Each structure stands twice: as C-alpha cells, then as structure tokens.
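One structure is given here, and the rest of the page talks about it.
Keep in mind that what you see is a predicted model, and the values were worked out from it rather than measured. Below, all heavy atoms of this structure are taken into account, side chains as well, without hydrogens, waters or symmetry copies.
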Amino acid sequence: VQLVESGGGLVQAGDSLKLSCLISAPTVSSYVMGWFRQAPGKEREFVAAISWSTGHVYYGDFVEGRFTISRDNAKKIVHLQLNSLKVEDTAVYYCAVGFVPRRRADDYDYWGQGTQVTVQG
C-alpha cells in the first residue's frame, strides 16, 4: 500500500485548501482512510476519517464543520477540504490507512509522507 498526499501550501487565515491522498493498493473497499496532522513539538492529531465501504465519516472535535473528508472511488483518492483556515491549523497533514475508524494514530497501518499546510495570520 502506498499513499501520496498533495495540495498543501502557504495560505492566509480564512483561506481554503484541498488536500488529496492517492492510494495505490489492489483493493480499498475494506479500508478506513484517515487524515492526521502534526505541528512542531506536538503529537500527531486525528483530523478526519472515512470508511471506504460505507462512506461514514468521522471528525476530530476541533474541526467544528470547517473540514470535509470525501472519497473518489474511481480514482482511489481521498480528499480533505480545509475551509476557514486558522493559524493554529499549521501542520504537516498525513493520510493513513487503517481497518477500523479509530482516532489514534497507532491504529493505522500505512502512512503517506505528509504535506505541509502553513497558515499566516
């Protein structure tokens, strides 16, 4: 399983970004796709997850409706739409593959290399 994130960048507070995670795997139907983020000096934090088979979505408490996770079945891509970005959203964002919709990083088995999101005030 290989994961490649893209879409990060430098934006101003209040702007939007759309992150993408391309998954290379023979089949994805049993996977849960998660997004995590890690800021300097902080632990990796759960952002969102989506069950590939059911489409059920899960969000971290801090999201408060600003972020949306979605999947493109045909292209095997998971997106994370980031709206109303805040300075505190600055972090490296990682996508990951697991098999149950958990919020702990340890519950995910495969990880991408991450994409940097920097929000200026």
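Ring centroid separation for the pair Phe99 and Tyr31 comes in under the 6.0 Å cut-off.
Taking every heavy atom of both residues into account, Trp35 and Val78 meet most closely at NE1-CG1, 3.6 Å. Taking all atoms of both residues into account, the shortest heavy-atom contact from Arg66 to Leu85 is NH1-CA, 4.0 Å. Between Gly121 and Ala13 the shortest heavy-atom distance is CA-CB, 4.3 Å. Summarising the geometry of Ala39 relative to Ala91, their closest heavy-atom pair is N-CB, 3.8 Å, with the distance given to 0.1 Å. Minimum interatomic distance between Ser16 and Ser84 (heavy atoms only, all atoms of both residues): OG-N, 4.2 Å. Minimum heavy-atom separation, Gln116 to Val92: OE1-CG2, 3.2 Å.
Rounding to the nearest 0.5 angstrom, the gap separating the CZ atom in Arg102 from the CZ atom in Phe46 is 12.0 Å. Taken to the nearest 0.5 Å, the CG atom of Asp72 stands 9.5 Å off from the OG atom of Ser20. Taken to the nearest 0.5 Å, the CZ atom of Phe36 stands 12.0 Å off from the CG atom of Leu80. Atom CG of Leu82 is separated from atom CD1 of Ile69 by 10.5 Å, given to the nearest 0.5 angstrom.
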With side chain to side chain contact (heavy atoms under 4.5 Å, CB included) as the test, would you mind laying out the steps for Asn73 and Arg71 before giving the verdict? CA-CA 6 Å; Asn73 290 336; Arg71 72 196 191 296; 3.3 Å; yes
* **Test side chain to side chain contact (heavy atoms under 4.5 Å, CB included) applied to Ile23 and Trp52, step by step** => CA-CA 12 Å; Ile23 177 170; Trp52 207 284; 4.1 Å; yes
Inset, instruction - Apply side chain to side chain contact (heavy atoms under 4.5 Å, CB included) to Met33 and Val28, showing your working. - result: CA-CA 9 Å; Met33 302 298 300; Val28 298; over 6 Å; no
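Annotation: cation-pi pair Arg44/Tyr108 absent, no NZ/CZ under 6.0 Å from the ring centroid and within 45° of its normal.
Hydrophobic clustering (ILVMFWY, side-chain heavy atoms < 4.5 Å, transitive): Val57 and Val32 are in distinct clusters.
A donor-acceptor contact shorter than 3.5 Å links the side chain of Thr90 to the backbone of Val119. For the pair Glu5 (side chain) and Gln113 (backbone), a donor-acceptor distance under 3.5 Å is present. In terms of modelled atom types and a separation under 3.5 Å, the side chain of Lys18 and the main chain of His79 share no donor-acceptor contact.
Think of Leu10 as one node in a network of Ile, Leu, Val, Met, Phe, Trp and Tyr side chains linked at under 4.5 Å; it has no links at all.
Under a cut-off of 6.0 angstrom, the local environment of CD in Gln2 is sparse, with at most 12 non-hydrogen atoms contributed by other residues, nucleotides or ligands. In the displayed structure, Gln12 atom CD is contacted under 6.0 Å by more than 12 heavy atoms of other residues, nucleotides or ligands.
Ring-plane geometry between Phe67 and Phe62 is classed as perpendicular, the angle between the planes exceeding 60 degrees on a 0 to 90 degree scale with a lower cut at 30.
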